[in-house]
Amino acid sequence: QVQLVESGGGPVQTGGSLRLSCAASGITFGPYAMGWFRQAPGKEREFVAARRWSGGGEYYADSVKGRFSVSRDTATNTGYLQMNNLQPEDTAVYYCAAGRPITSTMRTSRGYGTWGQGTQVTVSS
């Protein structure tokens with residue numbers, strides 16, 4: 001059974017930082033990718049960032065490029081999303097996802113088959 005468990009969300013002031021964690025069980029991440037998506041109130045779910053577990057290739061939405069970064073710890077099967085200089089417009093529920101997307105689906109939900117439960121990030125002045 002494949003399971004993703006997210007943690008690290010919470011309230012934060014504008015300009016602050018958070019690091020989200022996504023711990024995976026029941027899966028070997030070697031051939032997989034981990035993606036990050038978010039959904040703000042009244043809006044559709046949107047792509048945030050992604051990378052393959054091994055090898056090259058990092059992907060970022062224009063809205064977070066230069067502020068967010070992805071990393072992973074292969075020993076613990078845990079992926080991370082580091083979020084810096086957070087702004088109120090970053091407020092959303094954040095989801096991690098695992099799958100085996102091809103390059104053309106790396107930025108889309110169709111590229112992933114397993115999803116975390118979501119964690120709330122709220123940025124205020």
Side-chain angles (χ1 to χ4, degrees):
Q1 182 178 356
V2 179
Q3 185 176 14
L4 302 179
V5 179
E6 298 182 55
S7 62
V12 65
Q13 295 290 316
T14 297
S17 298
L18 287 173
R19 188 178 72 165
L20 305 184
S21 298
C22 182
S25 62
I27 187 173
T28 300
F29 257 107
Y32 282 77
M34 179 171 286
W36 295 88
F37 296 78
R38 67 186 182 186
Q39 187 164 22
K43 297 185 178 181
E44 296 182 355
R45 186 173 298 183
E46 65 176 355
F47 170 79
V48 176
R51 71 152 291 153
R52 299 191 182 279
W53 202 251
S54 61
E58 296 184 16
Y59 302 78
Y60 296 96
D62 288 342
S63 59
V64 306
K65 193 173 299 181
R67 298 188 297 121
F68 291 10
S69 62
V70 293
S71 62
R72 79 278 188 270
D73 185 341
T74 58
T76 60
N77 259 9
T78 302
Y80 301 95
L81 178 67
Q82 178 68 46
M83 305 184 294
N84 298 324
N85 193 24
L86 284 160
Q87 303 297 310
E89 53 265 37
D90 295 316
T91 294
V93 177
Y94 284 71
Y95 300 88
C96 64
R100 304 180 75 170
I102 60 176
T103 300
S104 62
T105 60
M106 189 71 72
R107 295 171 175 263
T108 72
S109 61
R110 293 185 293 107
Y112 305 88
T114 303
W115 293 80
Q117 82 280 7
T119 184
Q120 176 71 50
V121 173
T122 303
V123 186
S124 61
S125 300

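- When atom types are taken as modelled, the side chain of Thr91 and the backbone of Val123 share a donor-acceptor pair closer than 3.5 angstrom.
- For Arg72, there are no salt bridge (Lys or Arg N to Asp or Glu O under 4.0 Å) partners two or more places apart in sequence or in a different chain.
- A 4.5 Å side-chain heavy-atom check between Arg52 and Thr103 finds at least one atom pair inside the cut-off.
- Rounding to the nearest 0.5 angstrom, the gap separating the CD atom in Glu6 from the CH2 atom in Trp115 is 9.5 Å.
- Counting only residues at least two apart or in different chains, disulfide bond (SG atoms under 2.5 Å apart) contacts with residues 45-89 are absent.
- When all heavy atoms are compared, the tightest approach of Tyr60 to Val70 is OH-N, 3.0 Å.
- Tyr94 approaches Val48 most closely through the heavy-atom pair CE2-CG2, 4.3 Å.
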Can you list, pair by pair, the side-chain donor-acceptor contacts under 3.5 Å of residues 7-22, counting residues two or more places apart and other chains?
unit_1, atom_1, unit_2, atom_2, d
Thr14, OG1, Ser124, O, 3.3
Ser17, OG, Asn84, OD1, 2.9

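- Residue Pro101 comes nearest to Met106 through the heavy atom pair CG-SD, 3.6 Å, listed as atom of the first residue, atom of the second, then distance.
- With sequence neighbours excluded, no residue satisfies side-chain hydrogen bond (donor to acceptor under 3.5 Å, both in side chains) with Gln39.
- Among residue pairs with one or both ends in residues 104-115, none qualify as salt bridge (charged side-chain N to carboxylate O under 4.0 Å, His left out); sequence neighbours excluded.
- Applying the salt bridge (charged side-chain N to carboxylate O under 4.0 Å, His left out) definition to pairs two or more places apart or across chains, those involving residues 85-103 are Arg38-Asp90, Arg67-Asp90.
- Listed by chain and number, the residues in a ring pair (Phe, Tyr, Trp, His ring centres under 6.0 Å) with Phe47 are Phe37 (sequence neighbours excluded).
- In this structure, the side chains of Lys65 and Asp62 come closer than 4.5 Å at one or more pairs of heavy atoms.
- Val121 and Trp36 fall within the same hydrophobic cluster, defined by Ile, Leu, Val, Met, Phe, Trp and Tyr side-chain heavy atoms under 4.5 Å apart, directly or through other members.
- The two residues Tyr112 and Gly35 come nearest to each other via the heavy atoms CE2-N, 3.5 Å.
- With Glu46 contributing its side chain and Glu44 its backbone, the two residues share no donor-acceptor pair below 3.5 Å.
- Among residues two or more places apart in sequence or in another chain, the side-chain contact (heavy atoms from CB on, under 4.5 Å) test is passed with Ser71 by Tyr80.
- Residues passing the side-chain contact (heavy atoms from CB on, under 4.5 Å) test with Val93, sequence neighbours excluded: Tyr95, Gln120.
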